[in-house]
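Since we're looking at a predicted model, the values are computed, not measured. Side-chain atoms are counted along with the backbone in the values below, which use heavy atoms only and exclude waters and symmetry mates. Whatever order the structure lists ligands and atoms in, that order sets their numbers, starting from 1.
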Amino acid sequence: MHSCKEGVPRAEEQLHYGEDYRFIPATSAASGLGVSVLPDLYCHTIQIVNICLVGRPDDRAFVLVDAGMPGSADDIVSVVEDRFGSGSRPQAIVLTHGHFDHVGAIVELVKHWNVPVYAHPAELPYLTGKASYPEPDASVEGGFIAKISPFFPNEPIQLGDRVHPLPEDGTVPHLPEFRWIHTPGHTPGHISLFRPRDAALIAGDAFVTVRQDSLYKVLTQQIEISGPPRYYTIDWRAARESVRKLAALFPSVAITGHGAPVAGKELREGLTKLARNFDRIATPDYGKYVH
Ligand SMILES: [Zn+2]
Ligand SMILES: [Zn+2]
């Protein structure tokens, strides 16, 4: 007997956040602002984290990269409809990784849009309720944000059969010009997205353009090409190799998970400096994941 899968309503109740999911009252000067980095690359800041829309507004075919902070689903839907028209929805959501500030609205968005989610296979345990991220390291060298990081959610969300592994061949569903690049260190299945045609890079948290462990710099969004956020990064050696891998691509423009987009000379020089001096600039002097 053949069953018609399309006819079976999805068990929506299977999708949920982790037990410790909560709104985090953090903000920055860029919160609520968006910038068209390229005609088909839009970066919008939700409190302290960026989401990215890939696609031209007149195409109406686009992809959302990352899913914002807890409680931001309505904001994200508005951002999408402002850019692509009312009732528009992405063809897919691609995740750079599964930290709470990159999946904060994903359950509502997946239900609202009924779209698939893609992530690296090594990130799937954190997206399907199987594994928690290690506790954020409040003891790590560096400032106030690290100190409050134990309040950040780290328990896994459950996306069930809505989340799929990215294809092994490096292609990205619905983004034919992009390739995904494994950039582990910050998390095991962290990825970045790169477009060879114009060297556009969506870096996630492999590197960021604001010192995420400095409250002052997060608030003011002062540009400083920096390593991944310290309190969450669990493998500094892998994080260093990932930055070197991205620097070797000579990106022309980069949208990172935190901080303003950067381009040209500022990106080239900042990223080269970070890659060459990673241990001095990025790796904390002390912390529980530093060896
Ligand atoms: Zn992260
Ligand atoms: Zn992040």
Side-chain angles (χ1 to χ4, degrees), residues 17-18 20-24 26-28 30-31 43-52 64-72 76 93-106 119-120 122-127 131-138 140 142-146 148-157 181-193 201-215 217-219 221 224-236 238-239 242-243 246 254-261 282 284 287 289:
Y17 292 108
D20 59 351
Y21 179 84
R22 60 168 80 90
F23 175 76
I24 299 292
T27 194
S28 72
S31 182
C43 170
H44 183 93
T45 307
I46 306 281
Q47 296 176 260
I48 55 162
V49 73
N50 296 323
I51 58 167
C52 192
L64 172 67
V65 180
D66 287 347
M69 295 284 281
S72 66
I76 294 176
I93 302 171
V94 177
L95 296 175
T96 61
H97 62 302
H99 279 153
F100 82 96
D101 50 336
H102 298 254
V103 299
I106 199 159
H120 189 278
E123 208 69 1
L124 294 183
Y126 310 105
L127 298 167
S132 293
Y133 286 110
E135 295 281 343
D137 181 7
V140 76
F144 179 75
I145 304 272
I148 64 162
S149 63
F151 297 102
F152 294 169
N154 71 313
E155 289 180 21
I157 64 168
I181 297 160
H182 191 201
T183 43
H186 184 60
T187 67
H190 190 285
I191 59 137
S192 303
L193 300 172
L201 176 68
I202 300 167
D205 285 356
F207 69 92
V208 299
T209 62
V210 64
R211 278 285 300 268
Q212 195 63 19
D213 54 1
S214 158
L215 180 63
K217 287 175 180 171
V218 167
L219 279 170
Q221 298 280 288
E224 186 175 359
I225 294 186
S226 309
R230 285 179 165 178
Y231 42 86
Y232 258 149
T233 300
I234 49 175
D235 183 340
W236 284 97
S242 293
V243 163
L246 295 179
I255 294 175
T256 60
H258 306 271
Y289 303 120

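Closest N/O/S atom of Asp101 to the Zn ion (ligand 2): OD2. Of all the N, O or S atoms in Asp205, the one closest to the Zn ion (ligand 2) is OD2.
Distance alone, capped at 3.5 Å, is enough to place a donor-acceptor pair between the Tyr133 side chain and the Gly98 backbone. For the pair Gln47 (side chain) and Ala26 (backbone), a donor-acceptor distance under 3.5 Å is present. A distance-only check finds no donor-acceptor pair linking the side chain of Thr233 to the backbone of Trp236 [under 3.5 Å]. For Ser192 (side chain) and Ile181 (main-chain N/O), no donor-acceptor pair under 3.5 Å exists by modelled atom type.
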From CA spacing to verdict: side-chain contact (heavy atoms from CB on, under 4.5 Å), Val65, Thr96 = CA-CA 7 Å; Val65 180; Thr96 61; 3.9 Å; yes
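For the pair NE2 of His97 and NE2 of His186, the angle whose vertex sits at the Zn ion (ligand 1) is 110° to 10 degrees.
Note on His102: not counted as a metal contact of the Zn ion (ligand 1), no N/O/S atom lying under 2.8 Å. The Zn ion (ligand 2) lies at 2.8 Å or more from every N, O or S atom belonging to His99.
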